[in-house]
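All remarks here apply to the structure that follows.
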Amino acid sequence: MFTPGETALTIHAPATERVVGRWRERYDPATPYGVPAHVTVLYPFLPADRVDEAELRALFATYEPFDLVFERTARFPGLVYLAPEPAEPVKELTEAVVARWPEAPPYQGKYPEVVPHLTVGQGLDEQSAAAVEAGLEGLPVRMRVSGVTLDFFDGERWRRRARFPFGEVGAAEFAFPGPLRDTLVAAILSGRKTATSSMLADYAGEELPVAGSWDALIDSAGRRVALLETTEVRVVPIREIDDAFARDEGEGFAGVAEWRAAHERFWLSPEHVAYLGRTPVIDDDTLVVTERFRLLETL
């Protein structure tokens, strides 16, 4: 199905996995090879030994992040996909890469038009295609596209080789510089911490985090030590935080009671009160912003 050493430029879309994951596992033959939910920018790209990562990085750095919405399905013959909207920014990326490397036309020039899509199932008969479309739940999904990933096939699985952010990568700062930040950064780098939470009041006048955003993890010395991707953002009253989320914060909480006690201490600390400009009132209805994220790479 794939050739060892071939590469692809893709937009990974982990925010869609909750919608398409089980259908891709059943109906997308690329999934067992490690292919994630994604929108293709260019496939196949150059053989792995001919890829110039520095030139790709410089090319994609000239672009700015943009938002996509997946709210409808569409079909090619035997294939069901989610249609990213607007499609034009993805097409522009494809055109820019092809203009620089015309020897790598999309899909080896087999199709006259490039249609950005996120494959849910392929090789489907009419009955199976209809079942997939009817069974998808959770649309629309919104995500921010913060960069492009270079994937390569090693003969057994598709692997991530490099990521190329758009523009200037933002900063992800946990707590205030000092021992607590050091602890949180270590937990993230070890893989223990995959979630975080903040008071909604902390974002007064600022944009909330967006799924798909890539941000540099900042340590207490102000250094950029890792690249993170936000995969889920929710705004919920504090009473809706559960034990699973508390554990995913990776700080050793046995359950939500310990999580809440620790967060209330932080939110009522002199440093946070000074940052907020007032002493917050915290009760069961206090709104919190919960985020899930994944570690993309260390820097």
Side-chain angles (χ1 to χ4, degrees), residues 12 14-15 36 57 61 65 143-144 146-147 149 159-204 206-236 238 241-276 280 282 288-299:
H12 290 192
R57 190 174 304 278
M143 64 169 281
R144 179 154 296 164
S146 299
T149 300
R159 309 284 184 184
R160 313 294 84 78
R161 173 166 156 176
R163 292 179 173 86
F164 308 112
F166 296 151
E168 181 67 25
V169 175
E173 299 182 86
F174 290 73
F176 299 102
L180 178 56
R181 178 177 291 186
D182 293 340
T183 297
L184 299 181
V185 168
I188 292 168
L189 295 178
S190 72
R192 297 193 313 275
K193 183 174 180 63
T194 58
T196 190
S197 50
S198 309
M199 295 185 67
L200 179 61
D202 289 342
Y203 292 92
E206 298 181 14
E207 181 185 39
L208 292 181
V210 179
S213 294
W214 291 3
D215 295 291
L217 176 64
I218 308 298
D219 69 6
S220 288
R223 297 171 299 197
R224 296 184 168 220
V225 296
L227 187 64
L228 306 181
E229 179 178 27
T230 301
T231 58
E232 179 187 85
V233 179
R234 299 174 64 223
V235 178
V236 298
I238 198 170
I241 303 297
D242 59 18
D243 289 343
F245 186 88
R247 288 190 290 268
D248 289 344
E249 287 222 15
E251 299 175 50
F253 303 128
V256 71
E258 288 186 9
W259 171 92
R260 181 162 174 171
H263 282 70
E264 288 192 12
R265 284 195 300 272
F266 175 77
W267 291 332
L268 295 172
S269 68
E271 295 89 349
H272 185 261
V273 169
Y275 171 80
L276 194 61
I282 304 173
V288 295
V289 180
T290 67
E291 300 174 63
R292 293 187 181 276
F293 56 85
R294 61 176 181 160
L295 176 65
L296 294 180
E297 59 186 44
T298 56
L299 300 178

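All figures in this text were calculated on a predicted structure; none of them were measured in a lab.
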Salt bridge (charged side-chain N to carboxylate O under 4.0 Å, His left out) partners of [X], counting only residues at least two apart:
X      : result
Glu291 : none
Arg247 : none
Glu258 : none
Arg160 : Asp151

Among residues at least two apart in sequence or on other chains, which ones pass side chain to side chain donor-acceptor pair (under 3.5 Å) with [X]?
X      : result
Ser190 : Arg192
Arg260 : Glu264, Asp284
His263 : Ser197, Glu249, Trp259
Glu206 : none

Discussion item. So, using side-chain contact (heavy atoms from CB on, under 4.5 Å) as the criterion, who are the partners of Val236 when residues are at least two apart?
Written reply: Arg234, Glu240, Ile241, Val288, Thr290
Worksheet item: Taking side chain as C-beta onward, heavy atoms only, is Asp202 less than 4.5 Å from Tyr275?
Response: yes
Practice prompt. Would you sort out whether Phe245 and Arg292 count as a side-chain contact (heavy atoms from CB on, under 4.5 Å), showing the intermediate values?
Written response: CA-CA 9 Å; Phe245 186 88; Arg292 293 187 181 276; 3.6 Å; yes
Ignoring hydrogens and angles, write down the donor-acceptor pairs under 3.5 Å from the side chains of residues 220-228, residues two or more places apart or on other chains.
| unit_1 | atom_1 | unit_2 | atom_2 | d |
| --- | --- | --- | --- | --- |
| Ser220 | OG | Gly178 | N | 2.9 |
| Ser220 | OG | Gly178 | O | 3.2 |
| Ser220 | OG | Asp182 | OD1 | 2.7 |
| Arg223 | NE | Asp219 | OD2 | 2.7 |
| Arg223 | NH2 | Asp219 | OD2 | 2.8 |
| Arg224 | NH1 | Val169 | O | 2.9 |
| Arg224 | NH2 | Val169 | O | 3.2 |

Fill in: Non-hydrogen atoms of Ser146 and Gly212 that approach each other most closely
OG-O, 2.9 Å
Worksheet entry | Of all pairs that satisfy ring pair (Phe, Tyr, Trp, His ring centres under 6.0 Å), the ones with a partner from residues 175-194, not counting sequence neighbours | Phe176-Phe266
Worksheet entry | Residues in ring-ring contact (aromatic ring centres under 6.0 Å, His included) contact with Phe174, at least two apart in sequence or another chain | Phe293
